[in-house]
There are 2 protein chains.
Amino acid sequence: MAGRAAVPEVIWARPERTGRGPKPAFTRADIAAAAVRIADAEGLDGVTMRHVAAELGCGTMSLYNYVPRKEDLYELMIDAIGAEHEMFEPTGDWRADMLRNADETRAIMRRHTWVPRLMPGVFGFSPNTLRYLEHCLACLEPLDVPAGTKTELVALLNGVVTTYTGNEIATAERTRSMPWTAEEENAVRMAYLGGQIATGAYPRLTAAFTEQSGPVDLEAVFRRALERVLDAFDPELR
Amino acid sequence: MAGRAAVPEVIWARPERTGRGPKPAFTRADIAAAAVRIADAEGLDGVTMRHVAAELGCGTMSLYNYVPRKEDLYELMIDAIGAEHEMFEPTGDWRADMLRNADETRAIMRRHTWVPRLMPGVFGFSPNTLRYLEHCLACLEPLDVPAGTKTELVALLNGVVTTYTGNEIATAERTRSMPWTAEEENAVRMAYLGGQIATGAYPRLTAAFTEQSGPVDLEAVFRRALERVLDAFDPELR
DNA sequence: GCGCACTACGTACGCTGTACGTAACTAGGA
DNA sequence: TCCTAGTTACGTACAGCGTACGTAGTGCGC
């Protein structure tokens with residue numbers, strides 16, 4: 001008997017070096033950087049244990065000395081790009097600072113289009129994530145609400161950024177492995193949508209679609225969403 | 001030459017029957033239902049072409065007569081659960097109606113925990129998605145804002161529901177294939193977090209964590225987020 | 001200087017999505 | 001009415017995946 005309950009592993013709690021034996025050839029940062037390089041160039045599906053190992057110039061199974069599971073590799077990747085956040089000095093204008101943070105997150109996601117696909121599965125407490133959270137709280141210092149409300153604001157804002165940017169990216173990236181372009185696919189989908197609308201089964205939807213003149217300005221939609229979320233937390237507006 | 005540009009396929013534009021040859025043994029709905037059954041029972045990773053085919057009682061490759069790519073199977077699944085939305089008669093209270101819609105979406109996601117993982121990749125215009133969108137617009141009839149603003153409200157609200165419920169589910173589901181429980185993993189992660197906080201490197205984060213007495217009430221956090229989003233669109237509050 | 005914890009990594013297994021080829025079937029045109 | 005072309009059905013096969021396991025070599029701590 002004896003449950004032999006395997007103890008959960010958290011990559012961040014695992015020491016990077018243990019002292020005995022040969023020196024590890026790579027650091028965790030090396031591995032994360034290699035994985036990020038591949039994901040940027042070929043998409044998340046290009047990140048395979050074999051591929052990352054090849055990028056590092058070592059045998060596939062050697063990777064498992066550093067990363068117990070592939071999922072942990074993902075955690076390393078998310079943490080690595082967390083370092084790209086500029087932890088600027090708060091200006092005292094919490095709204096402007098949070099908008100800047102959101103814009104930066106959006107820019108990072110556009111540089112690393114695989115991030116949104118990873119977000120729901122990755123637990124949020126890597127070192128750089130903690131640093132970023134702390135930075136956001138510093139930006140929110142002038143906001144006179146309980147600390148719990150501030151973390152809720154950060155969570156909601158990050159969620160909106162991820163959702164909007166993720167959708168945008170997904171639309172563009174879906175065709176990466178397809179033999180046609182995103183524009184071609186979009187045209188076909190819009191043609192189908194037009195056909196559905198023409199059936200008259202969705203009157204209100206039809207109205208909404210015909211109301212707008214040109215193509216949707218995604219950037220403007222994004223900014224409006226951010227402003228609304230900030231409004232909802234602004235004591236001066238209530 | 002001749003570009004031979006493969007034409008994009010959209011599963012919904014493809015007719016379900018073509019007329020010639022033997023009658024198909026299954027409908028699209030049969031296939032979607034089988035896939036959903038598997039995903040509910042074993043998680044999204046259990047949904048393999050072989051497994052779904054076995055569930056239907058046909059050869060693996062026969063599935064490809066109905067679904068050109070696995071990704072399209074995912075679209076069928078998302079559409080199938082869209083049918084679970086209750087398209088109730090709008091009451092005239094748009095806030096209450098939208099809260100009800102959000103609660104229902106959350107309940108559906110909890111019944112089908114694989115949904116959030118699929119959301120970013122799946123294009124949103126399946127038949128049942130269109131019906132749901134139309135229903136939301138009907139609920140928003142009393143709200144005196146442009147139609148475009150209404151669709152933005154629906155998008156933002158759905159995004160929040162997906163993000164919050166998805167995070168919740170991800171935390172609970174990550175251990176499905178692990179040899180330890182979610183509680184055990186959570187304890188280890190919290191121990192790590194405690195260690196980090198103890199370093200004093202994150203003063204504001206520490207304050208936020210020590211401020212709260214008991215465990216976080218996720219349901220209350222969720223409801224507050226919804227209310228805030230609704231506030232941000234409510235003309236009577238501005 | 002010995003031993004052991006550690007790194008390195010080749011091989012192998014079970015699994016995946018799906019390309020391809022073949023056989024059976026049936027609706028439409030002659 | 002029969003023929004044929006477009007379907008459905010599906011077995012086989014292949015490249016690639018994550019990773020368990022075993023072995024060989026290395027160098028720190030005692």
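Worth saying up front: this structure is predicted, and the values here are computed from it rather than measured. Order of the sequence lines sets the chain letters (A, B, ...), proteins ahead of strands, with each chain counted from 1.
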Quiz item: Which is true for B:A53 with a 4.0 Å heavy-atom rule: it touches a base, it touches only sugar-phosphate, or it touches nothing?
Solution: nothing

Self-check item: A:Y64 side chain near D:dC21 phosphate (N/O to OP1/OP2, under 4.0 Å)
Solution: no

Self-check item: For atom CG of B:D30 and atom C1' of D:dA9, their distance in whole Å
Solution: 16 Å

Quiz prompt | Residue mapping more 5' on DNA chain D - nearest nucleotide basis, A:K70 or B:C58 | solution = B:C58

Self-check item: Between SG on residue B:C136 and CG on residue A:L205, distance to nearest 0.5 Å
Solution: 10.5 Å

Practice problem: Apply salt bridge (Lys or Arg N to Asp or Glu O under 4.0 Å) to A:E168 and A:R106, showing your working. | Solution: CA-CA 11 Å; A:E168 209 177 302; A:R106 185 169 168 87; 2.9 Å; yes

Self-check item: Any A:S62 side-chain nitrogen or oxygen under 4.0 Å from OP1 or OP2 of C:dC9
Solution: yes

Quiz prompt | Spacing of A:R14 atom CZ relative to C:dC6 atom P, expressed in whole Å | solution = 10 Å

Quiz item: What is the distance, rounded to the nearest whole Å, between atom CD of A:E16 and atom C1' of C:dC6?
Solution: 15 Å

Quiz item: Would A:N128 and A:R131 count as having a side-chain donor-acceptor pair, cut-off 3.5 Å?
Solution: yes

Quiz item: Once you round it to whole Å, what is the distance between P of C:dA5 and CG of A:N65?
Solution: 16 Å

Practice problem: Look at the side chain of B:T60 and decide which nucleotide, out of D:dT26, C:dT18, D:dT7, has an atom nearest to it. | Solution: C:dT18

Quiz item: Within the structure shown, what part of the strands sits under 4.0 Å from A:F26 by heavy-atom distance: base, sugar-phosphate, or nothing?
Solution: nothing

Exercise. From the options C:dG17, C:dT7, C:dC25, select the nucleotide whose nearest atom is closest to the side chain of B:T48.
Key: C:dG17

Quiz item: How do B:M49 and B:K23 order along DNA chain C: which one's closest nucleotide is nearer the 5' end?
Solution: B:M49

Self-check item: C:dA8 phosphate, OP1 or OP2, under 4.0 Å from A:Y66 side-chain N/O
Solution: yes

Quiz item: For the pair made of CG in B:L63 and C1' in C:dT16, what is the distance, rounded to whole Å?
Solution: 14 Å

Quiz item: Between C:dT18, C:dC9, C:dC25, which nucleotide has the shortest distance from any of its atoms to the side chain of B:M61?
Solution: C:dT18

Quiz item: How many Å lie between NE2 on A:H51 and C1' on D:dA15, as a whole number?
Solution: 16 Å

Quiz item: If you take all heavy atoms of A:L63 and A:M49, which pair is closest and at what distance?
Solution: CD1-O, 3.4 Å

Quiz prompt | Donor on one side chain, acceptor on other, B:N65 and B:S62, under 3.5 Å | solution = no

Quiz item: When only distance counts, do a donor and an acceptor, one from the side chain of B:R50 and one from the base of C:dG17, lie under 3.5 Å apart?
Solution: yes

Quiz item: Taking CZ from A:R69 and P from D:dT19, how many angstroms apart are they, rounded to a whole number?
Solution: 8 Å

Quiz item: When the distance from CG of B:D45 to P of C:dG17 is rounded to whole Å, what number comes out?
Solution: 10 Å

Exercise. When you get a sec, tell me which of C:dA8, D:dT8, C:dC6 is the closest nucleotide to the side chain of B:P24?
Key: D:dT8

